[in-house]
Amino acid sequence: MATASSPAAKERLYLFDTTLRDGAQTNGVDFTLHDKLAIAAMLDELGIDYIEGGYPGANPTDTQFFAEPRPMQAAFTAFGMTRRPGRSTSNDPGLAMLLDARADAICFVAKSWDYHVRVALETTNAENLASIRDSVGAARARGREVMLDCEHFFDGYKANPDYALACARTAYEAGARWVVLCDTNGGTLPHEIERIVGEVVKHVPGDNLGIHAHNDTEQAVANSLAAVRAGVRQIQGTLNGLGERCGNANLTSLIPTLKLKDDYAARFEIGVSDAQLKQLPAVSRKLDEMLNRAPNRHAPYVGDSAFATKAGIHASAILKDPTTYEHVSPDAVGNARKVLVSEQAGKSNVLAELEKIGIALDKDDPRVGRLLDMVKEREAAGYSYEAADASFALLAHRALDAVPDYFDVVQFDVNVEQRDNAAGERVIVSLAVVKVMIDGEMLISAAEGNGPVNALDQALRKDLGRYQKYIMGLELTDYRVRILNGGTEAVTRVTIESRDETGARWSTVGVSANVIGASFQALMDSIVYKLYRSGASAEPKP
Ligand SMILES: [Zn+2]
């Protein structure tokens, strides 16, 4: 029997992520299939309830993405239009594709502003309502959880409240689990959202309402919170606030607010646990890395500077009690306090990183200070270890114990040549030659590649003598280049993501004035890390 002392049940708020659909509309963002799979897995690990994958059938990437197996907790959601006006649900190829998609839920988008019904859809208000009713019914009949995005809901409500409400009510009555009120143009202000949602909940229960806010007045987060106050129980948003124009509601800011601010935390619970909340800075950075964007240092909660205090006139007070300058504990969101004069702050970062790779050291251990100095020196030169776990692990093991010298690359040579091939086509061919010394023996390998780095990688891995068996299953899964403007001359930072036959993944980094040099370092780190984690011995067999 349950005892009477259990705390009052909190209301459940549901999080819906549209990074892969609305976020993919961001200027300059072009997700590959690999990116989409990685982001979906990351969102699932974070505890998001719904992950919107995109439009199955609309483009090859999304179609392929929906065909991939995706074991996940979250409800995987397909997005698309309601049936077209004047067609039946059984005679609409777009709708059929959506209904056939391998998805747990379907999110339809429909007009809810009569002006758009007339001008954009060129149909009648009644036919638009019929399209909503039929489409929701068809998806329900196929066993899907159904949502309906009411496009331009708030502008539509201002122009014709009865019609906007009729759209919402029609979807609800047809069996939609969620009716999502969209501020599609992003111009609505928080007090308007609160007032209008307050009217809508008189017609559709708040437990069945969602909010989809855009950030065109920098208030998408505030608008989402205003909608929750007025009764909605689903919030749509994106990681790092990606999205068309100025972006969508930023889940990276919303999640900590819902978890840590009393007004919300005391009333609501979300699918993100306290432990998952601590992953947020890593998730945010990982997305930036994928997009090859510099992370926003000043991002609330997760940014590098979110808990950085520059010790000026308040130096001694900050050092005595940093919490007096913090609205929440940085630890709660997986971030770290940075008091910029304090050596201690750097040390705790290094200790935290060491802990991640299974090394426990006392903070007063002199080796921690030495490692910190090395990290600082290398970061000043352009290295970044936040997204290069394997390179950090090698650096740490080299400083603390030892990493064997498995082999030595004595020389490499990379040639890029433009020439005509046998078919008379102009092609660019890269050829790499690598000389590797293993146990006093020189091995020479050559390989062609579709680019200089690929050729170098192929040559390097062609013959590693007795280490070959360890690297057979090693695969490069991602390669990113960033030009850093450090001081007077630019340096290049290369980050490589690798995977092995066990499914383990790691990332390595290299920095050089030369892109090949930086790539070589990152490739070497990846191979050496693989040998190290496989327990390869540097001692030649007797
Ligand atoms: Zn949108």
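Read the numbers this way: they start at 1 and go in the same order the structure lists the ligands and their atoms. Worth saying up front: this structure is predicted, and the values here are computed from it rather than measured.
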Task: the Zn ion (ligand 1) - closest N/O/S atom in H214 - done: NE2
Task: Result of checking K36, R102, R21 against D62 for salt bridge (charged side-chain N to carboxylate O under 4.0 Å, His left out) - done: K36
Task: Charged N-O contact under 4.0 Å between R144 and D104 - done: no
Open item on the list: Using a strict threshold of under 4.0 Å (side-chain N to carboxylate O), is an ion pair present between D100 and R142?
Closed with: yes
Task: Centroid-centroid under 6.0 Å between W113 and F153 rings - done: no
Open item on the list: Suppose we only count N/O/S atoms under 2.8 Å; would D22 qualify as near the Zn ion (ligand 1)?
Closed with: yes
TODO: Tell me, please, if H212 has any N/O/S atom, main chain or side chain, under 2.8 Å from the Zn ion (ligand 1)?
DONE: yes
